[in-house]
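Each remark here refers to the structure printed beneath this line.
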2 protein chains.
Amino acid sequence: MLLSHSPNQNHLLAALPTADFERIAAHLELVAMPLGKYLYEPDEQLWHAYFPTTAIVSLHYVTESGASAETAGVGNEGVVGIALFMGGDTTPSSAMVQTAGHAYRLESSLLKQEFNRAGLMQSLLLRYTQALMTQMSLTAACNRHHSIEQRLCRWLLLTLDRVPSQELVITQEQIAIMLGVRREGITEAAGNLQRAGNIHYRRGHITVLDRSGLEASVCECYGVVKKEFDRLLCDVQYRT
Amino acid sequence: MLLSHSPNQNHLLAALPTADFERIAAHLELVAMPLGKYLYEPDEQLWHAYFPTTAIVSLHYVTESGASAETAGVGNEGVVGIALFMGGDTTPSSAMVQTAGHAYRLESSLLKQEFNRAGLMQSLLLRYTQALMTQMSLTAACNRHHSIEQRLCRWLLLTLDRVPSQELVITQEQIAIMLGVRREGITEAAGNLQRAGNIHYRRGHITVLDRSGLEASVCECYGVVKKEFDRLLCDVQYRT
DNA sequence: TTGCCTATGTTCGGTACCGCACAGACATAG
DNA sequence: CTATGTCTGTGCGGTACCGAACATAGGCAA
């Protein structure tokens, strides 16, 4: 956080060829992403796409009764605002900052313009979108068939992959909202993981002590999603 | 079924400008889609995109333990094989024919070629893909928060919107697989709907007697998905 | 018709999770 | 240092759904 910022901390931006990157570089605006901030709400017009560097954003749907469930997370591997280049401009879902940090944002018209050049940027964005769809599909299946503890492990590992440290700043309540369960369910599952020595919990902070322990408890969904992200976005050349 | 076939029965194909359509028309191949046929299995290379006319295809994920859950359905409003133009070529999900019928298929290279012309075809496919993502998101949330009966109603209504008749040819067992629940759960939920006079069940055939009754029992997810499909694909001009 | 397979209905015990209520423990502001 | 609000732990009854086992009945084939 205290280090200097660079668009290259976002994998998509880092994967752009120099010429493409320089065209948009001057328009990339570093913005702080405070915990809980909504980047967009249902059916609300988007004005920017956000390329997270240290922040993590949760894409989720809130039901009429107020219950919610995360459908996918976006960190430094991706971009928030898919709907801009897909052509819909809005979505019925919400995007909320789940881990505070920073992102570079780009005005929607510039993103669309760059997408329509049909160059590597377009290809990257489309492949990323497909990876995002995989995450959504897997989440749907995971929500049906796997236990809270398994889903908690999946969530922790996916989040851990997006931050540099072993510590996540988040309350059990917030995790419960993401997973669409009661807070007490998280208390119990996290308690099990803590007793097993895999994590350490402290009032809004989780430290992962033994990553392999989580990997032993997690359902297949984590591995499938991770593998798919690697597959779809692996063969890119990073600048710098 | 007995009537003559036309690519225009598929909404995406019907929405293409004449010039675009004529370029691919000769390459569109009518294929029968028998119940239970797998169009692709996990990580298997796709060779064709399928534009259903009377068939309905279920996109779903099968877990390692053999449990499965539908993430989205594709009927005459869409196309199976998104991964071809998104750039991933394969997905970890499966696509299986859920309602027998027909589809027009197009060789993958031709689809990619047409997509890369960056004309209306591209725009249509991208908007359709976004609608599909909405369906996946909603399914994830719906799986967490809504009852089997609500989800059954959602599934029935979405399927009904894709067929001309009021009768669906499907067993409770198959519906259970789609929704990712036990067959007994469907027996009970369908029994309730039958007692309420909304549907009539007969060994592999469901007839919807009172659509408004289903709409009264369904969760919001149906309406949100439907509205989003309408919004994203409404402003197209249909040929013929 | 008869026989057989498959689809549907029903029951039973078990469990994962929910909703609610409340107690304690930590962390920060004053 | 104390007060206050937030976060976490725990217990309770209730329920939706699961897994398995089995009964019944519809529809097709011979």
Side-chain angles (χ1 to χ4, degrees), chain A residues 35-36 63 65-69 98-100 140-156 167-196 198-207 217 219, chain B residues 35-36 63 65-69 98-100 140-156 167-196 198-207 217 219:
Chain A
L35 181 64
T63 68
S65 63
S68 79
Q98 162 217 306
T99 298
C142 197
N143 279 349
R144 272 299 316 127
H145 297 296
H146 300 138
S147 69
I148 292 186
E149 190 168 328
Q150 288 176 306
R151 273 148 54 211
L152 174 59
C153 289
R154 168 175 65 85
W155 191 89
L156 286 173
E167 183 179 304
L168 308 178
V169 180
I170 192 165
T171 66
Q172 298 187 345
E173 175 82 43
Q174 290 170 305
I175 296 181
I177 293 172
M178 306 283 162
L179 297 188
V181 298
R182 285 186 320 157
R183 193 223 75 222
E184 293 89 328
I186 301 298
T187 300
E188 192 185 337
N192 292 341
L193 294 176
Q194 177 148 243
R195 269 186 295 280
N198 296 327
I199 64 173
H200 174 69
Y201 225 116
R202 176 181 68 86
R203 235 185 131 71
H205 301 253
I206 314 179
T207 307
S217 303
C219 51
Chain B
L35 180 64
T63 67
S65 64
S68 79
Q98 163 218 304
T99 298
C142 196
N143 280 349
R144 274 296 320 128
H145 296 295
H146 299 138
S147 69
I148 292 186
E149 189 168 327
Q150 287 176 307
R151 274 147 55 210
L152 174 60
C153 289
R154 168 174 64 86
W155 190 91
L156 286 173
E167 182 180 304
L168 308 178
V169 180
I170 191 162
T171 66
Q172 298 187 344
E173 175 81 43
Q174 292 171 303
I175 296 181
I177 292 172
M178 306 283 165
L179 297 188
V181 298
R182 285 185 320 158
R183 192 222 77 220
E184 292 88 330
I186 301 298
T187 300
E188 191 185 338
N192 291 341
L193 294 176
Q194 177 149 243
R195 268 186 297 279
N198 297 327
I199 64 173
H200 175 69
Y201 224 111
R202 176 180 67 84
R203 236 184 129 69
H205 301 251
I206 314 178
T207 306
S217 303
C219 50

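Throughout, protein chains are lettered first and strands after them, A, B, ... in sequence-line order, and every chain is numbered starting at 1.
Separating the CD1 atom of A/Ile186 from the C1' atom of D/dT8 is a distance of 13 Å, rounded to the nearest angstrom. Rounded to a whole Å, the CD atom of A/Glu173 is 14 Å from the C1' atom of D/dG5. Rounded to whole angstrom, the span from the CG atom of A/Leu193 across to the C1' atom of D/dG9 amounts to 16 Å. Between the NE2 atom of A/His205 and the C1' atom of D/dC7 there is a distance of 11 Å, given to the nearest Å. Between the P atom of D/dT8 and the CD1 atom of A/Ile170 lies a distance of 10 Å, rounded to the nearest Å. Atom CD1 of A/Ile199 is separated from atom C1' of D/dT8 by 13 Å (rounded to the nearest Å).
B/Arg203 contributes no side-chain N or O that forms a donor-acceptor pair with the base of D/dG27 under 3.5 Å. One can find a donor-acceptor pair under 3.5 Å joining the base of D/dG9 and the side-chain atoms of A/Arg183.
Of all the heavy atoms in A/Glu149 and A/Ala189, the pair that sits closest is CA-CB, 3.9 Å. What you find for A/Leu35 and A/Thr99 is that their closest heavy atoms are CD1-N, 4.3 Å. Closest heavy-atom contact between A/Ile148 and A/Gly185: CG2-O, 3.9 Å.
Across all strands, B/Gly204 comes closer than 4.0 Å only to sugar-phosphate atoms, never to a base (heavy-atom distances). Counting any heavy atom pair closer than 4.0 Å across all strands shown, A/Glu184 reaches a base atom.
The listed nucleotides are D/dT8, D/dC18, D/dG27; the one nearest the side chain of B/Arg202 is D/dG27.
Heavy atoms from other residues, nucleotides or ligands lying under 6.0 Å from CD of A/Glu188 number 12 at most.
Between the CD atom in A/Gln174 and the CZ atom in A/Arg183 there is a gap of 13.0 Å [rounded to 0.5 Å]. Put simply, CG on B/Leu156 and CD1 on B/Ile199 are 6.0 Å apart, with the number rounded to the nearest 0.5 Å.
The outermost nucleotides of DNA chain C lying under 4.0 Å from heavy atoms of chain A, listed 5' to 3', are C/dC17 to C/dA27.
With B/Arg144 contributing its side chain and A/Val181 its backbone, the two residues share no donor-acceptor pair below 3.5 Å.
OP1 and OP2 of D/dT6 both lie 4.0 Å or more from every side-chain N or O belonging to A/Gln172.
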